[in-house]
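Values reported hereafter were calculated over all heavy atoms of this structure, with side chains retained and with hydrogens, waters and symmetry mates removed.
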Amino acid sequence: MPLQARLPMPHDGQNGGRNDKRTDGQGMAGRIAAGLVDRMDRILAETAPVAEITDVARVLSVGNGIARIAGFPDLRADELVVFAGGQTGIASSLATDRIGVIVLGDSVGIRPGDKVHRTRRVVDTPVGAALLGRVVDAMGQPIDGAGPLQCRDRAPIERAAPPIMHRAPVSVPLQTGIKAIDAAVPIGRGQRELIVGDRQSGKTAIAVDTILNQRDTGVISIYCAIGQRASAVARVIDSLRKGGALERTIVVVAGGEDAPGLQFIAPYAATAMAEHFMDEGRDVLIVYDDLTRHARAYRELSLLLRRPPGREAYPGDIFYIHSRLLERATPLREEHGGGSLTALPVIETQAQNISAFIPTNLISITDGQIYLSPSLFEKGRLPAIDIGTSVSRVGGKAQLPAFRAVAGDLRLYYAQFEELETFARFGTQIDAETRQRLDRGLRVREILKQREHHLLEVADQIAALLAATEGLFDAIPADRVSDAGLHAARAARRTCPEICDAIEGGAPLDPAQRAALITAMQAALTGFYPDDSHSPRREGVGDADA
């Protein structure tokens with residue numbers, strides 16, 4: 001029998017009331033059910049799941065900043081991976097059964113069996129003007145407590161060095177404000193000049209003074225601290241703040257307490273920040289302090305990754321990691337932006353051994369070196385720059401013409417003086433000419449002494465060196481030469497301001513200007529001579545033709 005035939009009809013007289021109530025109840029339940037179904041459809045439509053295919057690996061082991069994972073058959077070298085706890089790492093050693101990952105940060109929260117996700121990108125860092133005046137870590141995160149960064153752009157920390165045809169010759173000087181460097185070991189914008197010396201010999205002081213001296217030049221500075229103590233970095237930041245240089249400087253810190261992976265990527269991140277400004281056509285100075293600790297951090301990572309050790313236990317590619325970093329420093333041609341990146345890498349030697357593995361590597365990569373001698377430091381000859389060992393292979397071409405005219409033969413003259421001084425210590429008889437050369441060389445050495453953070457303008461340096469080489473200080477006691485040099489430089493600027501401005505503008509120093517400067521300084525130094533009868537003016541020393 002059909003279903004309709006067996007159902008009671010609504011007009012059935014016997015059960016009509018109950019059927020009406022049942023029908024009303026069923027209709028209400030149906031409407032409620034229909035409403036629930038519609039509401040569930042809307043919720044599902046709003047929260048529809050999106051299918052996403054991801055590669056997931058597992059941690060096999062972890063320790064000492066290195067994690068070994070398995071499960072990524074096509075992971076790329078230097079690709080960034082993310083662990084379950086949010087930590088990141090760089091894929092370094094790729095093998096068929098396991099992958100060695102350099103953990104960027106604390107690896108305490110990583111456990112064997114944790115999931116690992118790949119990102120299909122390399123490590124990058126924020127770049128831009130918002131970084132100026134800030135202190136950040138190797139990942140570009142602020143650590144100065146001044147709030148979040150407002151950087152819209154990011155750049156990978158690794159980038160190929162500019163091609164040869166994009167590079168311009170080094171032609172513009174980078175003044176450090178230090179007489180011994182600007183006169184004898186000049187640095188040009190786009191140059192790579194190594195600062196090398198034993199521990200506590202003044203390497204960082206020279207780098208910081210160079211940053212401070214860029215206050216009126218428009219040069220942006222980046223100080224990258226690698227493996228340094230927190231107290232040492234705090235002193236550098238304080239010096240930059242007091243010198244008014246912090247607002248145009250970026251400080252990148254990977255301290256000695258940080259993971260070796262962060263110490264390894266810190267200089268590359270700092271270089272990426274610098275290249276952003278270079279691509280905009282600006283001049284940038286970057287200091288790596290220091291690459292000895294950077295090499296040690298990479299050696300530690302390489303040994304933990306089971307890579308075969310080489311000389312002094314360093315891996316075979318230690319030269320490559322520094323060369324690919326420093327080759328990114330260069331001046332660019334105008335058609336490619338016209339900016340420049342000057343690099344001052346710092347290296348620490350042990351017992352003055354500059355022939356060790358890492359120092360010789362970096363000397364061969366860079367365009368010269370400033371060598372700081374511990375023996376000079378102990379004698380109080382600050383800055384303790386050994387002019388005979390220091391060299392600048394390209395900076396002389398960028399030196400101002402007036403500087404070349406005054407200090408062109410300074411290195412040779414100073415080397416001859418030191419050789420004469422060595423023989424004079426034996427007590428041999430010395431003729432009058434040799435004695436005069438020794439006395440003048442001693443005063444040239446005194447005039448090259450300079451206190452930390454006591455920087456000089458170009459014209460002041462040229463005036464002081466001109467007075468020393470022309471013999472204006474010969475009759476002044478050696479212990480007063482430093483003060484006499486400052487007094488003579490001030491007198492030259494006060495008496496001959498047009499000449500000083502022309503010198504700083506790059507004009508050559510002609511004989512008439514040279515004679516005018518000497519005359520002005522002679523008149524100002526009268527009070528420094530113990531007896532006016534011995535002044536250079538009366539003896540004919542210091543004439544323009546001398």
Side-chain angles (χ1 to χ4, degrees), residues 169-189 213 216-217 387 392 394-417 436-437 440-441 443-448 450 455-476 481 484-526 528 535-546:
V170 177
S171 57
V172 180
L174 182 86
Q175 304 294 341
T176 66
I178 303 172
K179 289 174 287 188
I181 296 178
D182 293 341
V185 199
I187 302 173
R189 296 186 185 183
N213 199 56
D216 299 324
T217 62
I387 295 179
S392 176
V394 296
K397 299 179 180 178
Q399 200 173 26
L400 293 177
F403 239 136
R404 285 199 297 268
V406 173
D409 298 330
L410 180 62
R411 287 175 53 84
L412 178 61
Y413 181 86
Y414 197 82
Q416 292 174 347
F417 156 70
Q436 192 269 340
R437 292 180 64 87
R440 184 168 298 183
R443 281 150 180 81
V444 170
R445 183 166 64 193
E446 290 295 322
I447 206 65
L448 290 177
Q450 196 167 338
L455 306 174
L456 297 177
E457 299 291 340
V458 174
D460 297 340
Q461 296 184 48
I462 292 176
L465 290 170
L466 178 62
T469 55
E470 291 293 335
L472 300 188
F473 302 138
D474 286 359
I476 298 177
V481 167
L486 295 176
H487 190 76
R490 295 192 191 101
R493 183 172 289 276
R494 183 176 61 254
T495 309
C496 309
E498 299 85 1
I499 298 177
C500 294
D501 293 340
I503 287 173
E504 293 176 346
L509 186 65
D510 58 45
Q513 294 174 333
R514 189 186 189 103
L517 288 175
I518 292 175
T519 301
M521 290 186 291
Q522 277 181 335
L525 292 174
T526 303
F528 284 88
S535 70
R537 179 187 297 274
R538 294 180 181 272
E539 295 180 6
V541 180
D543 295 336
D545 297 332

Test Glu457 against Asp460 for side-chain contact (heavy atoms from CB on, under 4.5 Å), laying out the working first.
CA-CA 5 Å; Glu457 299 291 340; Asp460 297 340; 3.8 Å; yes

Full working for side-chain hydrogen bond (donor to acceptor under 3.5 Å, both in side chains) between Asn213 and Thr176:
CA-CA 6 Å; Asn213 199 56; Thr176 66; 5.8 Å; no

For Gln522 and Leu472, run side-chain contact (heavy atoms from CB on, under 4.5 Å): C-alpha distance rounded to whole Å, both residues' side-chain angles, the deciding distance at 0.1 Å, then the answer.
CA-CA 7 Å; Gln522 277 181 335; Leu472 300 188; 3.6 Å; yes

Leu465 vs Leu448, test: side-chain contact (heavy atoms from CB on, under 4.5 Å). Steps then yes/no.
CA-CA 8 Å; Leu465 290 170; Leu448 290 177; 3.8 Å; yes

After noting the C-alpha distance and the side-chain angles of Thr469 and Tyr413, does the key distance pass the side-chain contact (heavy atoms from CB on, under 4.5 Å) rule?
CA-CA 10 Å; Thr469 55; Tyr413 181 86; over 6 Å; no

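Nearest heavy-atom pair across Gly396 and Ser392 is N-OG, 4.3 Å.
Residues Leu456 and Leu486 form a side-chain contact, since some pair of their non-hydrogen atoms from C-beta on lies under 4.5 Å apart. For the pair Leu517 and Leu509, the minimum side-chain heavy-atom distance is below 4.5 Å. The shortest distance between side-chain heavy atoms of Phe473 and Arg440 does not fall below 4.5 Å. Side chains of Lys397 and Val170 form no contact here, defined as non-hydrogen atoms less than 4.5 Å apart. At least one side-chain heavy atom of Val458 sits under 4.5 Å from a side-chain heavy atom of Phe403. The shortest distance between side-chain heavy atoms of Asp474 and Gln436 falls below 4.5 Å. In this structure the side chain of Leu455 never reaches within 4.5 angstrom of the side chain of Gln175, judged on heavy atoms.
Listed by first then second residue, pairs satisfying ring pair (Phe, Tyr, Trp, His ring centres under 6.0 Å) with a partner in residues 492-518 number zero, not counting sequence neighbours. Annotation: ring pair (Phe, Tyr, Trp, His ring centres under 6.0 Å) contacts involving residues 486-513, sequence neighbours excluded, comprise His487-Phe528.
The environment of Asp510 atom CG is dense: over 12 non-hydrogen atoms of other residues, nucleotides or ligands sit within 6.0 angstrom.
Residues passing the side-chain contact (heavy atoms from CB on, under 4.5 Å) test with Ala459 are Arg493, Cys500, Glu504, sequence neighbours excluded.
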